[in-house]
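I have placed the structure first, in the form of structure tokens, so that the comments after it can refer back to it.
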Amino acid sequence: MAVTIYPDSFDPWQALQQHQDSRLQSGKFGATATFVGTMRDFNEGDDVQGMTLEHYPGMTESQLQLIIDEAAQQWPLEDSFIAHRVGPILPGEPIVLVACWSAHRAAAFDACRFLMEALKSKAPFWKKETLADNSQRWVEKNTDGYSHPPA
Amino acid sequence: MAVTIYPDSFDPWQALQQHQDSRLQSGKFGATATFVGTMRDFNEGDDVQGMTLEHYPGMTESQLQLIIDEAAQQWPLEDSFIAHRVGPILPGEPIVLVACWSAHRAAAFDACRFLMEALKSKAPFWKKETLADNSQRWVEKNTDGYSHPPA
Amino acid sequence: MAVKVKFFASMREYLNQSELDISVSGATTVAAVWQQVAGDKPMPENTVCAVNQTQAKPDFAVNDGDEVAFFPPVTGG
Amino acid sequence: MAVKVKFFASMREYLNQSELDISVSGATTVAAVWQQVAGDKPMPENTVCAVNQTQAKPDFAVNDGDEVAFFPPVTGG
């Protein structure tokens with residue numbers, strides 16, 4: 001169970017590999033579900049050239065640890081890992097990584113998605129976008145994380 | 001959209017990185033959901049020391065391509081990737097990798113899980129386990145991929 | 001007519017055959033192909049059949065040049 | 001008593017304050033802390049409040065040494 005805040009660009013696949021090699025016991029987990037959120041160059045119909053990710057040092061880490069603990073109580077996990085970027089960030093750069101390891105796939109899938117939704121609603125991070133014309137705007141709320149049938 | 005069959009051990013995180021760098025356009029996807037299945041050293045209460053993965057060359061690839069096409073029709077995906085190991089395999093080695101890239105996370109999560117369940121029920125692969133006492137047995141069926149409420 | 005027949009996994013071991021070419025006279029089906037190769041060994045209940053690498057039922061018609069395969073439920077992933 | 005007050009994101013810009021220490025006399029609440037710092041600027045409807053890094057309602061009681069924070073809905077991930 002680990003939480004990492006990256007002030008600079010990070011490689012999610014390398015972070016996964018390192019976490020797995022150092023923290024997981026080979027042969028004990030059969031399922032790894034991961035999610036990586038990456039900065040897009042568009043949002044809500046506008047071109048975006050950059051973003052700044054602000055957070056609340058201290059509360060951010062403790063909120064992430066709380067949701068990791070909650071997932072560990074709800075599902076039989078071998079381990080889980082959350083990494084999140086802060087500071088200035090460019091399109092194409094990773095923002096967030098969530099990973100869950102379990103003996104079986106149902107728990108890994110369910111817990112990974114739970115962590116991602118919990119993070120989006122509970123962890124104090126805020127995004128400010130810089131648009132193509134250099135104007136800036138705060139992202140006001142996160143999109144829904146579930147598919148809905150077409151109306 | 002790509003399918004790869006590996007006759008030797010592969011590194012899923014490196015395969016993901018390579019696929020993403022060569023096939024995806026930076027800034028266009030915001031969500032990557034992945035699943036990695038890894039060989040455990042236990043199954044159904046027994047210690048397992050090795051496994052052989054048999055497949056049906058030709059049909060395996062075409063079935064995997066079919067389910068990738070089905071996912072692409074059902075969700076707005078930028079890309080998806082399935083890699084699967086065949087041949088002799090040891091505990092701790094990766095068996096399968098499924099990855100989906102989309103603008104938004106709901107589609108990536110849903111499609112990744114769909115691909116994994118479809119692969120488990122439709123793609124012609126068969127596992128034969130070697131137990132601690134050197135006896136061998138065919139795995140007879142796959143476990144359910146969804147959590148159920150306790151009875 | 002000529003038909004290629006393939007067996008995989010436990011089915012391969014059950015019949016001790018992995019791949020063979022057979023010659024069939026007249027109209028035939030997947031079930032008839034099984035019988036021609038397996039003789040009096042019955043087809044196990046959960047057998048999956050495929051014709052030209054697409055899943056097919058036992059009464060599916062087989063044509064000249066077809067590839068017919070028999071295997072147990074899949075267990076990949 | 002001494003209270004540390006923090007503002008984040010659009011709330012920081014709204015009040016042009018990021019962090020300050022204030023002195024409060026007698027019993028107080030999160031809402032009273034806001035008023036003491038913000039004066040007549042109303043607390044936006046969707047403001048999230050936290051006391052000692054745990055979310056709290058505006059009527060939550062504040063004690064000596066507490067850290068009180070105000071921020072908009074979170075948008076990470």
Side-chain angles (χ1 to χ4, degrees), chain A residues 3 5-6 12 35-40 43-44 48 51-67 82-87 89 94-98 112-129 136-145, chain D residues 1-22 24 28-34 36-38 41-77:
Chain A
V3 166
I5 304 293
Y6 288 99
F35 179 83
V36 176
T38 307
M39 195 193 153
R40 287 169 298 155
N43 193 27
E44 292 176 25
V48 182
M51 192 164 77
T52 300
L53 257 160
E54 184 173 335
H55 76 306
Y56 183 169
M59 181 169 177
T60 302
E61 293 83 345
S62 63
Q63 288 294 104
L64 294 177
Q65 194 56 54
L66 275 178
I67 64 177
I82 297 178
H84 204 290
R85 179 72 189 282
V86 294
I89 173 167
I95 298 170
V96 61
L97 161 67
V98 168
C112 181
R113 194 157 190 175
F114 164 84
L115 284 182
M116 196 54 209
E117 297 311 315
L119 181 157
K120 286 219 152 215
S121 66
K122 293 180 183 169
F125 292 105
W126 303 274
K127 289 173 179 158
K128 189 177 203 174
E129 298 175 331
Q136 294 194 315
R137 68 179 178 198
W138 290 100
V139 174
E140 293 203 343
K141 61 176 187 147
N142 274 324
T143 54
D144 196 340
Chain D
M1 61 196 205
V3 175
K4 183 178 286 295
V5 189
K6 294 184 174 186
F7 301 97
F8 293 96
S10 58
M11 212 63 70
R12 179 170 42 72
E13 295 180 349
Y14 176 58
L15 293 180
N16 222 356
Q17 297 260 24
S18 71
E19 186 174 331
L20 69 164
D21 294 299
I22 63 168
V24 184
T28 194
T29 63
V30 169
V33 167
W34 171 276
Q36 183 166 340
V37 177
K41 280 195 173 172
M43 193 192 298
E45 209 183 328
N46 58 4
T47 301
V48 183
C49 313
V51 173
N52 297 331
Q53 307 190 353
T54 299
Q55 209 175 311
K57 295 200 166 142
D59 63 357
F60 196 83
V62 174
N63 291 296
D64 185 42
D66 280 355
E67 175 175 306
V68 179
F70 300 93
F71 47 82
V74 303
T75 56

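Below, chains carry the letters A, B, ... as their sequence lines are ordered, and counting in each starts from 1.
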Under 3.5 Å, side-chain donor or acceptor atoms of residues 41-51 of chain D against the rest of the protein: list the pairs with distances, not counting sequence neighbours.
unit_1	atom_1	unit_2	atom_2	d
D:K41	NZ	D:Y14	O	2.7
D:T47	OG1	D:P44	O	2.6

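Listed by first and then second residue, the side chain to side chain donor-acceptor pair (under 3.5 Å) pairs involving residues 53-64 of chain D are D:Q53-D:E67 (not counting sequence neighbours).
Within a 6.0 Å radius of CD in A:E140, no more than 12 heavy atoms belonging to other residues, nucleotides or ligands are found.
Taking OG1 of D:T75 as the start and NZ of A:K128 as the end, the distance is 12.0 Å to the nearest 0.5 Å. Of the inter-residue distances, the one linking A:W138 atom CH2 with D:R12 atom CZ reads 5.0 Å to the nearest 0.5 angstrom. To the nearest 0.5 Å, the span separating CE on A:M59 from CZ on D:F71 amounts to 4.0 Å.
For chain D, no part of A:T60 is nearby; none of its heavy atoms comes within less than 4.5 Å.
Contact count against chain D (heavy-atom pairs under 4.5 Å) is highest for A:Y56 among A:F125, A:F35, A:Y56.
Heavy atoms only, all atoms of each residue included: A:W126 and D:V74 are closest at NE1-CA, 3.8 Å.
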